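Note sheet for the following structure.
Quick caveat, the model's predicted, so the values are computed rather than measured.
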Amino acid sequence: MPPSTPFDMISAAPEDFGPHIGEPFTVQTEAGPLALILDNVKRFERSMIRDKVVRIEGEALPPRQAFALTFEGPVTPVLASAMVTLQHPTLGDLTLFLSPFRQDEDCVLYEALFN
């Protein structure tokens, strides 16, 4: 069951995703739904990309340390780098930019950066 309020991507933090490592996030593709497993949440400890409050179109964005999510998917199909909507039973719909960065014999790894 999706959450009653949308997940706030602006204030998203590594702690929001850590409990969901190993869980599937689903993306809709031309071939049908594709499950991507959250494999890792990487913190960029020395990075303070947004170390001050930033205002965009009147909205205050809080300071945030950069981090990345790594997802593992099947060998085929390989998704192109693009904005996608991932569906998760607890977090709901998450729209983010996802890029493949490594393909092995048994999986493709994708990354989404937050900064």
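Of the candidates Leu69, Leu36, Thr26, Leu36 is the only one forming a side-chain contact (heavy atoms from CB on, under 4.5 Å) with Leu86.
Residues in residues 30-43 take part in these side-chain hydrogen bond (donor to acceptor under 3.5 Å, both in side chains) pairs, two or more places apart or across chains: Glu15-Arg43.
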Any chance you could lay out the side chain to side chain contact (heavy atoms under 4.5 Å, CB included) test for Phe114 and Phe17, step after step, and finish with the verdict? CA-CA 12 Å; Phe114 290 74; Phe17 297 98; 4.1 Å; yes
Side chains of residues 73-85: which donor-acceptor pairs under 3.5 Å do they make with residues two or more places apart or in other chains?
from	atom 1	to	atom 2	distance (Å)
Ser81	OG	Ser99	OG	3.2
Thr85	OG1	Thr95	OG1	3.1

Name each donor-acceptor pair under 3.5 Å that joins a side chain in residues 101-109 to protein atoms two or more places apart or in another chain, with its distance.
from	atom 1	to	atom 2	distance (Å)
Arg102	NE	Asp104	OD1	3.3
Arg102	NE	Asp104	OD2	3.4
Arg102	NH2	Asp104	OD2	3.1

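Taking the six-membered ring where the residue is Trp, His20 and His88 present perpendicular rings, their angle passing 60° and hence far from 30°. In this structure, Phe25 and Phe71 have perpendicular ring planes: the angle between them is above 60°, well past the 30° mark.
Looking only at side-chain heavy atoms (C-beta outward), Gln87 and Asp93 come within less than 4.5 Å of each other.
Phe97 and Phe67 fall into different hydrophobic clusters, where Ile, Leu, Val, Met, Phe, Trp and Tyr residues are linked whenever their side-chain heavy atoms come under 4.5 Å apart, directly or through other members.
Separating the CG atom in Asp16 from the OG1 atom in Thr90 is a distance of 12.0 Å, to the nearest 0.5 Å.
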